[in-house]
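Encoded as structure tokens, the structure appears first; notes follow it.
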Amino acid sequence: MTRRIIIDTDPGQDDAVAILLALASPEELEILGITAVAGNVPLPLTARNARIVCELAGRRDIKVFAGREKPLERRLVTAEHVHGKTGLDGPVLPEPTMPLQSRDAVDFLIDTLRQEPSGTVTLCPLGPLTNIAAAFLRAPDVIGRVQRIVLMGGAYFEVGNITPTAEFNIFVDPEAAHVVFRSGVPLTVMPLDVTHKALVTKARNDAFRALGTPVGDAVAQMTDFFERFDREKYGSDGAPLHDPCVTAWLLRPELFSGRDINVEIETLSDLTRGMTVADWWGVTDRPANATFMGDVDADGFFALLTERLGRL
Ligand code: BDR
Ligand code: CA
């Protein structure tokens, strides 16, 4: 059965690959819309980049909405040091000509969840959780209508990538993350513990390039750009494809393994703001609120990704 999804995103090279993987999989995934949020770069750029990616895939029909331009309560922190000035540095891609929808992304989220049968829409956040939390705060009636949230964010054993204790998406808007993690919606979480295993090695990037298509070339160039940061910082083998883990789980959940555990978000401490306090070892009696992933079959993940990108 086709799963109906809304992708909430701040592209970002890895967001772009996640979107392309979804666009390449129409039998399994129907994209009701893409909602842009401020994160890796400011909102005007994430809304632009989402449309560039749709056009790269020849999908000018996808509806792209712009949402919140800053976190619920804090100033925006961006990540140009990772993603470049545009957020999508690497390939040279044309400016998008498809329109940005005039409706606000948060309105779109609320209206869609109210209109569609309850329990039939999955939300896929790939950036800070501001849009999703704004929708839940404004329209609490939609919370119980969400089928599942599958998100990239947080870390436990890998701890942090923007501070010593926090992953970027959760750090940027911890209050929003708190709303989402406390919402009661079934959550599937892809933390750095998983995504730092989904590394684009040279052989894997060569496989993208060998597709010999505009999409294959663009993805190879994006990961070429994106990896310099992780190589320098972590000495890792290549760029971690964080956000595509979300779309890959929708297609092949058996590639991932994790635990149903309690995860709380630190919002008070300046030192550990945005930390995902994950009770991996079950040392509290706090109830489970998330399936927190810990491992991925990286070869299976890249085989899936390369095969699907080849369809575009
Ligand atoms: C997350 O932060 C962003 O830089 C990436 O797009 C990903 O969503 C990884 O921490
Ligand atoms: Ca992202």
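Everything numeric in this text was worked out from a predicted model, so none of it was measured. This chain uses plain numbering: 1 for the first residue, then up along the sequence. Just so it is clear, the values below take in all heavy atoms, side chains as well, and ignore hydrogens, waters and symmetry mates.
Contact annotation: the side chain of R308 approaches that of E28 to within less than 4.5 Å [non-hydrogen atoms, C-beta and beyond]. Residues F208 and V200 meet the side-chain proximity criterion, which asks for heavy atoms closer than 4.5 Å. In this structure, I34 and T9 have side chains that are in contact, with non-hydrogen atoms separated by less than 4.5 Å. The shortest side-chain heavy-atom distance between H81 and I162 falls under the 4.5 Å cut-off. Inter-residue side-chain proximity for V172 and L76 is flagged as met; some heavy-atom pair is nearer than 4.5 Å. By the 4.5 Å heavy-atom criterion applied to side chains, L129 and V179 are not counted as neighbours. R59 places none of its side-chain heavy atoms less than 4.5 Å from the side chain of M98. Using a 4.5 Å heavy-atom threshold, the side chains of I6 and T112 count as touching.
At a cut-off of 3.5 Å, with distance as the only test, no side-chain donor of Q13 or D15 sits close to an acceptor on the other residue. At a cut-off of 3.5 Å, with distance as the only test, a side-chain donor of R148 or T188 sits close to an acceptor on the other residue. The closest side-chain donor-acceptor pair between Q147 and T120, if any, does not fall under 3.5 angstrom.
Expressed to the nearest 0.5 Å, how far CD of E116 lies from CG of D111 amounts to 11.0 Å. Note that CZ of F292 and CH2 of W280 are 7.5 Å apart. Values are rounded to the nearest 0.5 Å. Note that the CD atom of E254 and the CG atom of L251 stand 9.5 Å from one another [nearest 0.5 Å]. Atom CG of residue L151 and atom CG of residue L123 lie 10.0 Å apart, to the nearest 0.5 angstrom. Taken to the nearest 0.5 Å, the OG1 atom of T247 stands 7.0 Å off from the CG atom of L126. Interatomic distance, I19 CD1 to R51 CZ, rounded to the nearest 0.5 Å: 12.0 Å.
L88 and L43 end up in different hydrophobic clusters when Ile, Leu, Val, Met, Phe, Trp and Tyr side chains are linked at under 4.5 Å. A continuous path of ILVMFWY side-chain contacts below 4.5 Å connects V53 to L250, so both sit in one hydrophobic cluster. In the hydrophobic cluster analysis, where Ile, Leu, Val, Met, Phe, Trp and Tyr join through side-chain heavy atoms closer than 4.5 angstrom, V219 is grouped together with F301. Linking Ile, Leu, Val, Met, Phe, Trp and Tyr whenever their side-chain heavy atoms come within less than 4.5 Å leaves M293 and V185 in two separate clusters. No chain of hydrophobic side-chain contacts below 4.5 Å, direct or via other Ile, Leu, Val, Met, Phe, Trp or Tyr residues, connects V159 to V277.
Across all non-hydrogen atoms, the minimal contact from I110 to V142 is O-CG1, 3.9 Å. R3 and W249 make their closest contact through NH2-CZ3, 4.0 Å (heavy atoms, listed as atom of the first residue, atom of the second, distance). Pairing each heavy atom of D10 with each of A38, the nearest pair is CB-C, 4.4 Å. The two residues T267 and P174 have their closest heavy-atom pair at CG2-O, 3.7 Å. In terms of heavy-atom proximity, T276 sits nearest to Y156 at O-CD1, 4.0 Å. Taking both residues in full, the closest heavy atoms of M222 and L93 are given as CE-CD1, 4.4 Å, listed atom of the first, atom of the second, then distance.
Between the T272 side chain and the M275 main chain, no donor and acceptor come within less than 3.5 Å of each other. A distance-only check finds a donor-acceptor pair linking the side chain of N49 to the backbone of L45 [under 3.5 Å]. A donor-acceptor contact shorter than 3.5 Å links the side chain of D89 to the backbone of T86. A donor-acceptor pair under 3.5 Å links the side-chain atoms of E167 to the main chain of N169, judged by distance alone. At distances below 3.5 Å, at least one donor-acceptor pair connects side-chain atoms of D193 with backbone N or O atoms of E158. Counting only distance, with no hydrogens or angles, the side chain of R204 and the backbone of F302 share no donor-acceptor pair below 3.5 Å. When atom types are taken as modelled, the side chain of D243 and the backbone of M152 share no donor-acceptor pair closer than 3.5 angstrom. The backbone N or O of V263 lies less than 3.5 Å from a partner atom in the side chain of N289, making a donor-acceptor pair. Panel note: side chain Q221, backbone T223; no donor-acceptor pair is recorded below 3.5 Å.
Salt-bridge annotation for D295 and K197: present, with a side-chain N of the basic residue lying under 4.0 Å from a carboxylate O of the acidic one. Using a 4.0 Å cut-off between charged nitrogen and carboxylate oxygen, D297 and R252 do not count as a salt-bridge pair. Salt-bridge formation is detected for the pair R74/E175: a Lys NZ or Arg NE/NH1/NH2 atom is positioned less than 4.0 Å from an Asp or Glu carboxylate oxygen. Looking at E80 and K85, no side-chain N of the basic residue comes within less than 4.0 Å of a carboxylate O on the acidic one, giving no salt bridge. Under a 4.0 Å N-O distance rule, the pair D8/R68 does not qualify as a salt bridge. A salt bridge does not link D279 to R259: none of the charged side-chain nitrogens sits closer than 4.0 Å to a carboxylate oxygen. Salt-bridge check for R60 with E55: passed, with a basic side-chain N closer than 4.0 Å to an acidic carboxylate O. A salt bridge links D141 with R114; the closest basic N to acidic carboxylate O contact falls under 4.0 Å.
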Steps toward side chain to side chain contact (heavy atoms under 4.5 Å, CB included) verdict (R145, V121): CA-CA 8 Å; R145 303 180 67 83; V121 177; over 6 Å; no

Side chain to side chain contact (heavy atoms under 4.5 Å, CB included) between V37 and T46, intermediate numbers included: CA-CA 7 Å; V37 68; T46 61; 5.8 Å; no

CA sep, side-chain torsions, deciding dist, call: K202, D224, salt bridge (Lys or Arg N to Asp or Glu O under 4.0 Å): CA-CA 9 Å; K202 181 169 181 317; D224 274 345; over 6 Å; no

Steps toward side chain to side chain contact (heavy atoms under 4.5 Å, CB included) verdict (T195, L241): CA-CA 6 Å; T195 69; L241 281 186; over 6 Å; no

Side chain to side chain donor-acceptor pair (under 3.5 Å) assessment of E30 paired with T2: CA-CA 6 Å; E30 180 189 351; T2 312; over 6 Å; no

Chi angles and distances behind the side chain to side chain contact (heavy atoms under 4.5 Å, CB included) call for I265, I170: CA-CA 8 Å; I265 309 297; I170 307 296; 3.9 Å; yes

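Ring geometry for H196 against H242 counts as tilted: the plane angle lies between 30° and 60°, on a 0 to 90° scale.
The number of heavy-atom neighbours closer than 6.0 Å to CG of L137, taken from other residues, nucleotides and ligands shown, is above 12.
For the ring-ring contact (aromatic ring centres under 6.0 Å, His included) test, residues two or more places apart in sequence or in another chain that qualify with F108 are F65.
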